[in-house]
K.L.:
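Once you've had a glance at the structure underneath, I'll fire off some questions.
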Amino acid sequence: MIIVLFGPPGSGKGTQAERIAAVTGTPHVSTGAILRDEVARNTELGREASPIMESGALVPDDLMVRIIEHRLAEPDAQPGVILDGFPRTVPQAEALDRMLRRNGREVSVVIYLDVAPEMVRERILRRAAVDGRGDDTAEAFTERMRVYTRETAPVVDHYAAAGVRVERVDGAPAIDEVTGRILSLLEGGRGGGAEAGRAAVSGDRSQ
Ligand code: AMP
């Protein structure tokens, strides 16, 4: 399955993707984490991406598409992946569609984690104190929300228009509850709930 985990910054994509990956054995592919790793290793790509990320803007599409193409070609990604933070623009979504189509694949489902802006802001500022991410500042957050509304939100319409299954999940409840709901959707509506989330995964994170 190719699962796109979608939602605003601070909606819990990373946390949920990690948990769903642990339960299903499907690799979690986070473009933000890939970029942060490049920054940490001070590669050429990392040096290019770092100031863009710190400002809350998006890294150029062509670069992101190359990164994801590379990642999806790896053996562990062949049965499927959980995409977290990609695609973030309609051109990225179109490039992903083309890439998958070439291999007879397609996006299986888009899970849209819906969380109100006031709540994500609170979560991000709390995460800043825990993780120390350079883009979890109040200024960068404002820019990230602006970019999300303008560039990223239309990605859901792109998939809906293409007839891809889009599932909205309320991202406000407790982490376990949200995990349970996502797992239940992935299982086709059976089981789920907070129990499934708790039973499936142990460990916790700030969002
Ligand atoms: P994230 O961890 O998904 O919140 O991503 C952190 C930052 O990395 C974003 O604010 C962007 O600057 C950059 N980034 C991650 N994924 C993408 C993407 N698909 N397209 C463009 N920029 C991205």
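Note that the numbering runs from 1 along the sequence shown for the chain.
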K.L.:
Flag yes if Met99 and Met1 sit in one hydrophobic cluster, no otherwise; membership is Ile, Leu, Val, Met, Phe, Trp, Tyr, and two members link when side-chain heavy atoms are under 4.5 Å apart.
P.N.:
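Looking at the clustering, Met1 is in a separate group from Met99.
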K.L.:
Hey, what do you get for OG (Ser11) to CD1 (Ile124), rounding to the nearest 0.5 Å?
P.N.:
8.5 Å
K.L.:
As an exercise, state the distance from CZ of Phe86 to OG1 of Thr152, rounded to the nearest 0.5 Å.
P.N.:
11.5 Å
K.L.:
Would you check, one step at a time, whether the test side-chain contact (heavy atoms from CB on, under 4.5 Å) holds for Ile111 with Leu186?
P.N.:
CA-CA 9 Å; Ile111 306 278; Leu186 295 179; 4.2 Å; yes
K.L.:
For the hydrophobic clusters of this structure (ILVMFWY residues joined by side-chain heavy atoms under 4.5 Å, transitively), does one cluster hold both Phe6 and Ile34?
P.N.:
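Same cluster.
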K.L.:
Among Val29, Val4, Asp76, which residue satisfies the side chain to side chain contact (heavy atoms under 4.5 Å, CB included) criterion with Val81?
P.N.:
Val29
K.L.:
At what distance, to the nearest 0.5 angstrom, does CG of Asp97 lie from CD1 of Ile2?
P.N.:
10.5 Å
K.L.:
For the CD1 atom of Ile68 and the NE2 atom of His70, what is their distance to the nearest 0.5 Å?
P.N.:
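Between atom CD1 of Ile68 and atom NE2 of His70 there are 12.0 Å.
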K.L.:
Keeping the roles fixed (side chain from Arg47, backbone from Asn42), state whether a donor-acceptor pair exists under 3.5 Å.
P.N.:
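Yes: the side chain of Arg47 pairs with the backbone of Asn42.
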K.L.:
So, Arg98 and Glu94, do they make that salt bridge, N to O below 4.0 Å?
P.N.:
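Salt bridge absent between Arg98 and Glu94.
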K.L.:
Measure the spacing between CG of Leu45 and CD of Glu48 and express it to the nearest 0.5 Å.
P.N.:
6.5 Å
K.L.:
Does the distance from a Lys or Arg side-chain N to an Asp or Glu carboxylate O, for Glu69 and Arg66, drop under 4.0 Å?
P.N.:
no
K.L.:
Val110, Ile182: one ILVMFWY side-chain cluster at the under-4.5 Å cut-off?
P.N.:
no
K.L.:
Can a side-chain donor-acceptor contact be found between Glu151 and Thr89 if the only test is distance below 3.5 angstrom?
P.N.:
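Result is no, nothing qualifies.
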K.L.:
Would a distance-only check, ignoring hydrogens and angles, find a side-chain to backbone donor-acceptor pair under 3.5 Å from Lys13 to Asp84?
P.N.:
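Between the backbone of Asp84 and the side chain of Lys13 there is no qualifying donor-acceptor contact (under 3.5 Å).
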K.L.:
Please name the pair of heavy atoms, one in Ala93 and one in Val155, separated by the smallest distance, quoted to 0.1 Å.
P.N.:
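Between these two residues, the closest heavy atoms are CB-CG1, 4.3 Å.
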K.L.:
With the threshold set at 4.0 Å, does a side-chain nitrogen-carboxylate oxygen contact exist between Asp135 and Arg127?
P.N.:
no
K.L.:
Short question: side chain of Ser108, backbone of Ile3 - any donor-acceptor pair under 3.5 Å?
P.N.:
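Judged by distance alone, no pair lies under 3.5 Å.
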K.L.:
Quick check on Glu167: does its CD atom have over 12 non-hydrogen neighbours (other residues, nucleotides or ligands) under 6.0 Å away?
P.N.:
yes
K.L.:
Look at the side chain of Thr149 and the backbone N and O of Met145, then say whether any donor-acceptor pair between them is shorter than 3.5 Å.
P.N.:
yes
K.L.:
Can we say Arg126 and Asp136 salt-bridge, meaning some charged N sits less than 4.0 Å from an Asp/Glu carboxylate O?
P.N.:
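No, no charged N to carboxylate O under 4.0 Å.
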K.L.:
Indicate if Leu113 and Val156 have the same hydrophobic cluster label, given that clusters are the connected sets of ILVMFWY residues with side-chain heavy-atom separations under 4.5 angstrom.
P.N.:
no
K.L.:
Going from CD1 on Ile20 to NE2 on His28, what distance comes out if it is rounded to the nearest 0.5 angstrom?
P.N.:
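Answer rounded to 0.5 Å: 10.5 Å.
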K.L.:
So, do Val147 and Pro9 sit near enough that their side-chain heavy atoms are less than 4.5 Å apart?
P.N.:
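With C-beta onward as the side chain, the pair stays apart.
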K.L.:
Do you know which two heavy atoms are closest between Pro91 and Asp61, and how far apart they sit?
P.N.:
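The answer is CB-OD2, 3.5 Å.
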K.L.:
So, the side chain of Arg88 versus the backbone of Gly85: is there a donor-acceptor pair under 3.5 Å, distance only?
P.N.:
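Confirmed, Arg88 side chain pairs with Gly85 backbone.
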K.L.:
Let me check something: do Leu96 and Val59 share a hydrophobic cluster, defined by ILVMFWY side-chain heavy atoms less than 4.5 Å apart, either directly or through other members?
P.N.:
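Yes.
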K.L.:
Is the side chain of Asn103 donor-acceptor paired with the backbone N or O of Arg105 at a distance under 3.5 Å, no angle test?
P.N.:
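Flag not set: sc Asn103 to bb Arg105 has no pair under 3.5 Å.
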K.L.:
Are any side-chain N or O atoms of Gln16 and backbone N or O atoms of Ile175, one a donor and one an acceptor, separated by less than 3.5 Å?
P.N.:
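Confirmed, Gln16 side chain pairs with Ile175 backbone.
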